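Notes follow the structure.
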Amino acid sequence: MGIFEYAPAPESRDLANLKSHYRPFVNGEFVDGSGEPLKTINPATEEVLAEVGTASVSDVDTAVKAARKAYNNVWSKMPGSERAKYLFRIARLIQERSRELAVLESLDNGKPIKESRDSDVPTAAAHFFYHAGWADKLDYAGYGPNPKPLGVAGQVIPWNFPLLMLAWKIAPALATGNTVVLKPAETTPLTALVFAEICQQAELPPGVVNILPGAGDIGAALVGHGDVNKVAFTGSTEVGKAIQRQIAGTAKKLTLELGGKAANVVFDDAPLDQAVEGIVNGIFFNQGHVCCAGSRLLVQESIAGELLEKLRYRVSTLRLGDPLDKNTDIGAINSAEQLAKIKGLVESGDAEGAQRWTSPCPVPERGFFFAPTVFSDVQQSMRIAREEIFGPVLSVLTFRTPDEAVTKANNTPYGLSAGIWTEKGSRILWMANQLRAGVVWANTFNRFDPAAPFGGYQESGFGREGGRTGLEAYLDV
């Protein structure tokens, strides 16, 4: 038992304004999709939240035609200063409806309300504010005097950050003059459909943004549609490869933000208490459902024992449970399928000889939960060190020299992110230049800003989202 007991501090689910039924959004209106309806569930309780109408292949064609008409007749011809007003309006509406969106996101996704409230929703609004500022300044972005939009963007987003990934995709597309057809993940469609309401509130011209719930076949139909000029996908490496094969030989522009197996490297001169907090944030934030999660901890051998002791104690204080409780640190795994995958990879770690330590925290009997777990004595050949677990599971390896740390950190097919913990600025700069990762954090982890580009190398994808660099993905330059 800890020093303090925490009384429940629930956020009211009534704030979500949950409806019994949601519908696709096409050409400025909510319409009856001709696909099979799906039921979206609360992963913390396994209760059905709502029925969601889904799109069919014919609906994809209708949405793309609406987006093309809006692009040709309205959006691409509109001055950037006018487009900016719509983006500012959307950003302010996200802020005004922030509590509603945060509660709905936690209900549908399973993430703790404090993460939805303090991270996801504010950062989504920030992306629209930031890109609104670029809408009338594209001539000065470094892509020539008169950069042009591409046309219709087909966008497919994952379930781990539903609203935030939507903002990462839609904000730059609209700022640069493109129109959008977006498919949210089938397990987390609700905040995307509330965002469609926000588009109506902002009086966005019909067809500029279209939202099509559905399964993978709808994503494939959108990606393969002949009148889509740009494809943006965030998700698994396997699906990313399939998309790349599907559009090979076409003129479509493509960005992929895929999986990761990030190394978080701690040297013997690092401030250990600060590093422990960064390690915990790096792997247990959002239940480890983060592409850039620091899921491989590389610790200098001389401090490994001390660091592991501090880390285990800190992890044992994390509170797992109801995502709507403001005290909760770790919420629910998004789906039964993802929970089964996590359990399977953890079992492989046991079978291959790694030493498993699991937090003694109580685990709810109902819902999809997994207690935070730390593996030590991990070898590079083990599956838990090579494969993306996408859950609250940390693999700990050791190293003796900086060169060995670099070699082990880069021994992965991925290349999305990395972390470095040391007091030596020269070592940080040296390591950052050696690590093959799109984002390298120094003495921190999971720091994001709309003005900073994000993306990876190798099997983590290509292209950048955010910042001036991210504009290029939506411009004909």
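The structure presented is a predicted model; accordingly, all values stated were derived computationally and were not measured.
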Gln300 side chain to Asp268 backbone, donor-acceptor under 3.5 Å: yes
Note: Arg97-Glu100 ion pair, threshold 4.0 Å (strictly below): yes
Criterion side-chain hydrogen bond (donor to acceptor under 3.5 Å, both in side chains) on Thr187 and Ser335, from CA distance to verdict: CA-CA 8 Å; Thr187 61; Ser335 65; over 6 Å; no
Spacing of CG belonging to Asn42 relative to OG belonging to Ser106, to within rounding of 0.5 Å: 9.5 Å
N-O pairing of Arg366 and Glu46 below 4.0 Å: no
Distance-minimising heavy-atom pair for Glu352 and Ser381: OE2-O, 4.5 Å
Distance in Å, Ile247 CD1 paired with Lys253 NZ, rounded so as to fall on 0.5 Å steps: 12.0 Å
Test item: Lys252 and Lys230 side chains (from C-beta on) under 4.5 Å apart, heavy atoms: no
Pair Asp120 + Lys111, salt bridge at N-O below 4.0 Å: yes
Please list, one pair per line, the donor and acceptor atoms closer than 3.5 Å that link side chains of residues 149-163 to other protein atoms, with sequence neighbours excluded.
residue: Gln155; atom: NE2; partner: Lys169; partner atom: O; Å: 2.9
residue: Gln155; atom: NE2; partner: Tyr474; partner atom: OH; Å: 3.0
residue: Asn160; atom: ND2; partner: His289; partner atom: O; Å: 3.1

Heavy-atom side-chain contact between Trp441 and Ser417 under 4.5 Å: yes
Qualifying residue, where the test is side-chain contact (heavy atoms from CB on, under 4.5 Å) with Val266 and the options are Leu297, Leu298, Val276: Leu297
Polar side-chain atom of His225 near backbone of Ala221 as donor-acceptor pair, under 3.5 Å: no
Minimum heavy-atom distance Ala102-Ser116, with the two atoms named: O-CB, 3.5 Å
Near-ring test Phe462/Tyr457, centroid separation under 6.0 angstrom: no
Heavy-atom donor-acceptor pair, Gln338 side chain to Phe390 backbone, under 3.5 Å: yes
Side-chain (Lys408) to main-chain (Thr398) donor-acceptor, under 3.5 angstrom: yes
Asp108 side chain to Leu190 backbone, donor-acceptor under 3.5 Å: yes
Close side-chain approach of Phe370 and Val393, heavy atoms under 4.5 Å: yes
Min side-chain heavy-atom separation Leu212-Thr54 under 4.5 Å: no
Non-hydrogen side-chain atoms of Phe375 and Gln355 separated by less than 4.5 Å: no
Validation row, ring centre Trp134 to ring centre Phe129 under 6.0 Å: no
Check: Leu394 main-chain N/O paired with Ser295 side-chain donor or acceptor under 3.5 Å: no
Donor-acceptor under 3.5 Å (Glu465 side chain, Phe454 main chain): no
Student check: side-chain heavy atoms of Phe448 and Cys292 closer than 4.5 Å: yes
Any Glu306 side-chain heavy atom under 4.5 Å of Leu272 side chain: yes
Option passing side chain to side chain donor-acceptor pair (under 3.5 Å) with Glu11 (candidates Arg99, Arg117, Lys114): Arg99
Verdict with supporting geometry, Asn178 and Thr176, side-chain hydrogen bond (donor to acceptor under 3.5 Å, both in side chains): CA-CA 6 Å; Asn178 302 277; Thr176 49; 2.8 Å; yes
Shortest non-hydrogen contact between Asp139 and Pro147, atoms and distance: OD1-CD, 3.4 Å
Side-chain donor or acceptor of Thr358 paired with backbone N/O of Thr373 under 3.5 Å: no
Short N-O contact, Glu388 and Lys261, less than 4.0 angstrom: no
Least distance between heavy atoms, Leu318 atom then Cys361 atom: O-CB, 4.2 Å
Side chain proximity check, Phe284 to Val315, heavy atoms < 4.5 angstrom: yes
Main-chain N/O of Asn327 paired to Arg319 side chain as donor or acceptor, under 3.5 Å: yes
Under 3.5 Å donor-acceptor, Gln287 side chain and Ile333 backbone: no
Audit row: Glu459, Lys241, salt bridge (charged side-chain N to carboxylate O under 4.0 Å, His left out) steps and yes/no: CA-CA 9 Å; Glu459 293 196 5; Lys241 289 178 178 178; 3.2 Å; yes
Heavy-atom closest pair, residues Gly282 and Phe445: CA-CD2, 3.5 Å
Side chain to side chain contact (heavy atoms under 4.5 Å, CB included) evaluation trace for Met431 with Phe267: CA-CA 11 Å; Met431 282 285 292; Phe267 286 93; 3.9 Å; yes
Smallest separation among heavy atoms of Ile342 and Gly391, with atom names: CD1-CA, 3.6 Å
Distance, nearest 0.5 Å, that separates CD1 of Ile279 from CD of Gln274: 10.5 Å
Inter-residue atom distance Glu105.CD - Ser119.OG, 0.5 Å rounding: 11.0 Å
Spatial distance of atom CD (Glu257) from atom OG1 (Thr237) [nearest 0.5 Å]: 9.5 Å
Pairs where residues 170-191 contributes a residue and the test salt bridge (charged side-chain N to carboxylate O under 4.0 Å, His left out) is met, not counting sequence neighbours: Lys183-Glu186
Lys137 atom NZ, over 12 foreign heavy atoms within 6.0 Å: yes
Criterion side chain to side chain contact (heavy atoms under 4.5 Å, CB included) on Thr188 and Thr40, from CA distance to verdict: CA-CA 7 Å; Thr188 54; Thr40 186; 6.0 Å; no
CD on Glu277 to NZ on Lys310, rounded to 0.5 Å: 10.5 Å
Heavy atoms from other residues, nucleotides or ligands near CD of Gln380 exceed 12 (cutoff 6.0 Å): yes
